[in-house]
Amino acid sequence: MEKYTILSAVRNGLFEERLCHLYMKMGDYLDIESLEHRKLHFCRVFLSDAKNQYKQLMESQLWKELLSEVPCSIVEQQPLDGSKISLLVKTADHNPDFTFSSLRLTDDEAEGKDTYEQTVMLYERYIKDIESEGMTIANNCIRTWIYVNDIDVNYAAVVKARNDVFSRNGLTADTHYIASTGIQGCTQARKVNVAIDFLTYPQVRNKDIRYLTALEHLSLTSDYGVSFERGTRVTRNGIQRFFISGTASIDKEGNVLYLGDVKKQTGRLLENIGALLNDGGATMNDVRCFIIYLRDLSDYAEVDKFMSIVFPYTPRIILQAKVCRPEWLIEMECVAVKEV
């Protein structure tokens, strides 16, 4: 089976020293995983300051010897445990049946282009790439992560661009959308407002996919003009994988619940996640990891304490990253896995 874990650097020292520590920690972890016949499938790298840290990361042993040969995503979303760099690591005892594309624009490519244009560029680049392999975004793209610089200002343009791209490619409220998280995040480039990660299943069939709803808990996203699925279940080779989109404290009418109370918002979003998983035949016990986004870093201790009590054994990382609605103090996504 597959396994997810979070690895973080020490909380003191220069960034270079923390990279060295994480390199040794990652190496030891992969050695132990190899004893269970699991190998590295994927890694997401969270940085606290990409513009100052990216070059050092690229020059490090961690990158050159351990990460550069597997699909990786690098994003500036500050780990709130004080580590400056943390890793979400996926290992498995089988060969990958997915492809992962982490698409980033350079400053030259972004020059003179607004957020809408940058978003369209990334989607069109992805669509062109997979169409050359006989795939389509409608049939083969399972999950996206959209990182938006200054999300309070730029998110509306991202939503419009995605809606337009989807409409041109046969993705509508009457067909289906794609599970997604749209969240604050930056790259090392100064002029780039958007970056997107795409998860693709080349061999997936329509009958392998189920789109998850929990209409007693959450409204359809199309009700308020955005185009993503709340969650998607993929069944392949006797394994069900559940990709739950970024989920917040919302009710079935689309209203934000528990304004100003991060603890109650956390409880409600977990209830929503549980309802989505239940729609696909899973439970919270099947969750393999949580990614948690906080608008205000001062809420870290409260949320970390809450999660350590409710889900003490499930890997999690808590990041500072503003959510697409200012009223949401917290958003959470997860992956669940279940044998069938």
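None of these values were measured; they are calculated from a predicted model.
- No side-chain heavy atom of Thr187 sits under 4.5 Å from any side-chain heavy atom of Val75.
- Side-chain contact check for Arg162 versus Val120: every heavy-atom pair is 4.5 Å or farther apart.
- Within 6.0 Å of NZ in Lys51 there are more than 12 heavy atoms belonging to other residues, nucleotides or ligands.
- If you take CD1 on Ile209 and CZ on Arg205, they are separated by 10.5 Å, rounding to the nearest 0.5 Å.
- The environment of Lys25 atom NZ is dense: over 12 non-hydrogen atoms of other residues, nucleotides or ligands sit within 6.0 angstrom.
- Going from atom CG of Asn163 over to atom OG of Ser227 covers 4.0 Å, rounded to the nearest 0.5 Å.
- Considering only residues two or more places apart in sequence or on other chains, Asp129 meets the side-chain contact (heavy atoms from CB on, under 4.5 Å) condition with Arg125.
- Salt bridge status for Arg38 with Asp93: absent, with no side-chain N to carboxylate O gap under 4.0 Å.
- In the displayed structure, Glu131 atom CD is contacted under 6.0 Å by more than 12 heavy atoms of other residues, nucleotides or ligands.
- Inspection of the Thr247 and Asn272 side chains reveals no N or O donor paired with an N or O acceptor under 3.5 Å.
- His37 places no side-chain N or O within donor-acceptor distance of the main-chain N or O of His94, the cut-off being under 3.5 Å.
- Applying side chain to side chain donor-acceptor pair (under 3.5 Å) to Asn154 and the options Thr115, Asn149, Thr119 leaves one that passes, Thr115.
- Scanning for salt bridge (Lys or Arg N to Asp or Glu O under 4.0 Å) contacts around Lys322 gives Asp152, with sequence neighbours left out.
- Every residue two or more places apart in sequence or in another chain was checked for a ring pair (Phe, Tyr, Trp, His ring centres under 6.0 Å) with Phe306, and none qualifies.
- Between Ile6 and Leu87, every side-chain heavy-atom pair lies at or beyond the 4.5 Å cut-off.
- At distances below 3.5 Å, at least one donor-acceptor pair connects side-chain atoms of Ser68 with backbone N or O atoms of Trp63.
- Met26 places a side-chain heavy atom less than 4.5 Å from the side chain of Leu40.
- Not a single donor-acceptor pair under 3.5 Å links the side chain of Ser167 to the backbone N or O of Asp164.
- Taking the side chain as every heavy atom from C-beta outward, Asp197 and Arg104 approach each other to under 4.5 Å.
- Partners of Tyr54 under the ring pair (Phe, Tyr, Trp, His ring centres under 6.0 Å) rule, at least two apart in sequence or in another chain, do not exist in this structure.
- Counting heavy atoms from C-beta outward, His41 and Glu2 have side chains that stay 4.5 Å or more apart.
- The pair Asp208-Arg241 does not count as a salt bridge, with every side-chain nitrogen at least 4.0 angstrom from each carboxylate oxygen.
- Here the side chains of Tyr147 and Ile183 are in contact, with some heavy-atom distance below 4.5 Å.
- Classification of Lys128 and Glu124 as a salt-bridged pair fails, no side-chain N sitting under 4.0 Å from a carboxylate O.
- Side-chain polar atoms of His217 and Glu271 form a donor-acceptor pair below 3.5 angstrom.
- A donor-acceptor distance shorter than 3.5 angstrom exists from the side chain of Gln53 to the backbone of Ser48, with no hydrogens or angles considered.
- The aromatic rings of Tyr123 and Phe166 stand perpendicular to each other, their planes meeting at an angle above 60°, with 30° marking the opposite boundary.
- A side-chain donor-acceptor contact under 3.5 Å links Glu65 and Tyr23.
- Rounding to the nearest 0.5 Å places CG of Leu88 at 5.0 Å from SG of Cys289.
- A salt bridge is absent between Asp251 and Arg268; no separation between the charged side-chain nitrogens and carboxylate oxygens falls under 4.0 Å.
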**Prompt:** Would Asp223 and Lys252 count as a salt bridge (charged side-chain N to carboxylate O under 4.0 Å, His left out) if you check the C-alpha gap in whole Å, the side-chain angles of each, and the deciding distance to 0.1 Å?
**Reply:** CA-CA 10 Å; Asp223 289 350; Lys252 64 181 181 179; over 6 Å; no

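- The side-chain heavy atoms of Ile330 and Val323, taken from C-beta on, include no pair separated by under 4.5 Å.
- A side-chain donor from one of Asn95 and Lys39 sits under 3.5 Å from a side-chain acceptor of the other.
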**Request:** Decide side chain to side chain contact (heavy atoms under 4.5 Å, CB included) for Glu331 and Leu269; before the verdict, give the C-alpha distance in whole Å, the side-chain angles of both, and the deciding distance to 0.1 Å.
**Result:** CA-CA 7 Å; Glu331 182 170 295; Leu269 73 83; 5.7 Å; no

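- For Asn206, the CG atom is loosely surrounded, since the number of other residues' heavy atoms within 6.0 Å does not exceed 12.
- By the side-chain hydrogen bond (donor to acceptor under 3.5 Å, both in side chains) test, Lys191 is found to be paired with Glu111, residues two or more places apart in sequence or in another chain being considered.
- In terms of the salt bridge (Lys or Arg N to Asp or Glu O under 4.0 Å) criterion, residue partners of Asp279 (sequence neighbours excluded) are, by chain and number, Arg210.
- The line from OG1 of Thr235 to NZ of Lys338 is 10.0 Å long, rounded to the nearest 0.5 Å.
- If you check the side chains of Asp81 and Ser83, you find a donor sitting under 3.5 Å from an acceptor.
- If you run salt bridge (Lys or Arg N to Asp or Glu O under 4.0 Å) between Glu333 and each of Arg230, Arg143, Arg288, Arg316, only Arg143 comes through.
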